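As the structure is a prediction and not an experimental result, all values here were calculated from the model. Each chain gets a letter, A, B and so on, in the order its sequence line appears, and its residues count up from 1. Below, all heavy atoms of this structure are taken into account, side chains as well, without hydrogens, waters or symmetry copies.
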2 protein chains.
Amino acid sequence: MNYEALLHEHTLKATPQRLGILSLMHTNGHISIDELFEQIKKQFHSISLATLYKNINAMSETALITEVKIPNMKSKYEIAKERHAHLLCDKCGEFKDISLDIDKLIRLTEAKSKYKLNDTSLIFSGLCEKCK
Amino acid sequence: MNYEALLHEHTLKATPQRLGILSLMHTNGHISIDELFEQIKKQFHSISLATLYKNINAMSETALITEVKIPNMKSKYEIAKERHAHLLCDKCGEFKDISLDIDKLIRLTEAKSKYKLNDTSLIFSGLCEKCK
DNA sequence: TTACTAAAGGATAATAATTATCCTTTAAGA
DNA sequence: TCTTAAAGGATAATTATTATCCTTTAGTAA
């Protein structure tokens, strides 16, 4: 993926730190601030935690990345993508995407509620195939 | 509702402060820490913020209340109840429960994922009937 | 290329949010 | 009543996040 272009599309400068952050987010899938700081320091020995926060905020505000709030644990961040739900294993902590017909779910809920819906946050938790 | 008994069932003492918190949670439906502190102070002039946090934690740990994490805003707390989803109006901020066949959704997702699921966090956002 | 400038980085102070501590008070049961 | 573990209040400590200020650099244009 060309993160330099992606940053530019979101009117953000493509700095080495940001490319590093996006790369880590990509390889990890979902990552918390703490994990991110831990890992990014390996590449950028003197990176400031403030820089990390500023970048997370800048990229969130421009919707390049998304914060995923999870019950009973710290938020994780992911590169923005098409609508999807998440699966969490309460035992091993595996956290991953699952695609699901969210449009249908939205249509159903709109009918029931009279709301005009445009987004969802949907997290399932339980035990993964290995842990169950 | 008999909150005194409810607290006892969760092995917690039924203090006036806790009864006040639960009462506010009930009348508000969902309430943030800040709103709660704001309101509870009217009844308990000298209540400490630490007491509020301690009680929120104690009642969360015993699953008497539930924290609802919402994208882009502060958490709200509600008295625990049967599985349900939430609707958020991005314009006026209305936040309410909606009942939905979550069991069915879980069964569907289990089939697709091989997970054994037992819980969900599901929030829809958009515009309410008035705001749309 | 070089030069310019707004944006971004780093260090650190400030603020906000949450938790811990310590001592006093009280709910609940004997 | 009496006893005591649990809870409350005040406040300190810790953690998380944001703001500030000065330096560096990415991006653009001469």
Figure out the [atom1]/[atom2] separation between [X] and [N], and round it to whole Å.
X	N	atom1	atom2	value
A:Lys41	C:dG9	NZ	C1'	16 Å
B:Lys69	C:dT18	NZ	P	10 Å
B:Leu49	D:dG8	CG	P	13 Å

- Task: Could you check A:Lys13 against B:Lys54 and say which one's nearest nucleotide on DNA chain D is further toward the 5' end?
- Result: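 With A:Lys13 and B:Lys54 compared, the 5'-side residue is B:Lys54.
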Would you say the side chain of [Y] lies within less than 4.5 Å of the side chain of [X], judging by non-hydrogen atoms?
X	Y	answer
A:Asn28	A:Lys76	no
B:Met25	B:Tyr77	yes
A:Arg18	A:Lys13	yes

With respect to the side chain of [X], which nucleotide from [options] is positioned closest?
X	options	value
A:Lys74	D:dA16, D:dA10, C:dT19	D:dA16
B:Ala50	D:dT11, C:dG9, C:dG10	D:dT11
B:Thr15	C:dG10, D:dG9, C:dA27	C:dA27
B:Asn55	D:dT18, C:dA17, D:dG8	D:dG8
A:Arg18	D:dG9, C:dA11, C:dA8	C:dA8

- Less than 4.0 Å between a side-chain N and a carboxylate O, is that true for A:Glu129 and A:Lys132?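 Looking at A:Glu129 together with A:Lys132, the answer is no, because their closest N to O distance does not fall below 4.0 Å.
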- Task: Let me know, please, whether B:Pro16 or B:Ser48 comes out on the 5' side of the other along DNA chain C by nearest nucleotide.
- Result: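 First, find each residue's nearest nucleotide; the 5'-ward one identifies B:Ser48.
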- If you find the nucleotide of DNA chain C closest to B:Glu4 and the one closest to A:Ile47, which residue's nucleotide is nearer the 5' end?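 The residue closer to the strand's 5' end, by nearest nucleotide, is A:Ile47.
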Answer with base, sugar-phosphate or nothing: what part of the nucleic acid does [X] contact at a heavy-atom distance below 4.0 Å?
X	answer
A:Ala14	sugar-phosphate
B:Ile33	nothing
B:Thr51	base

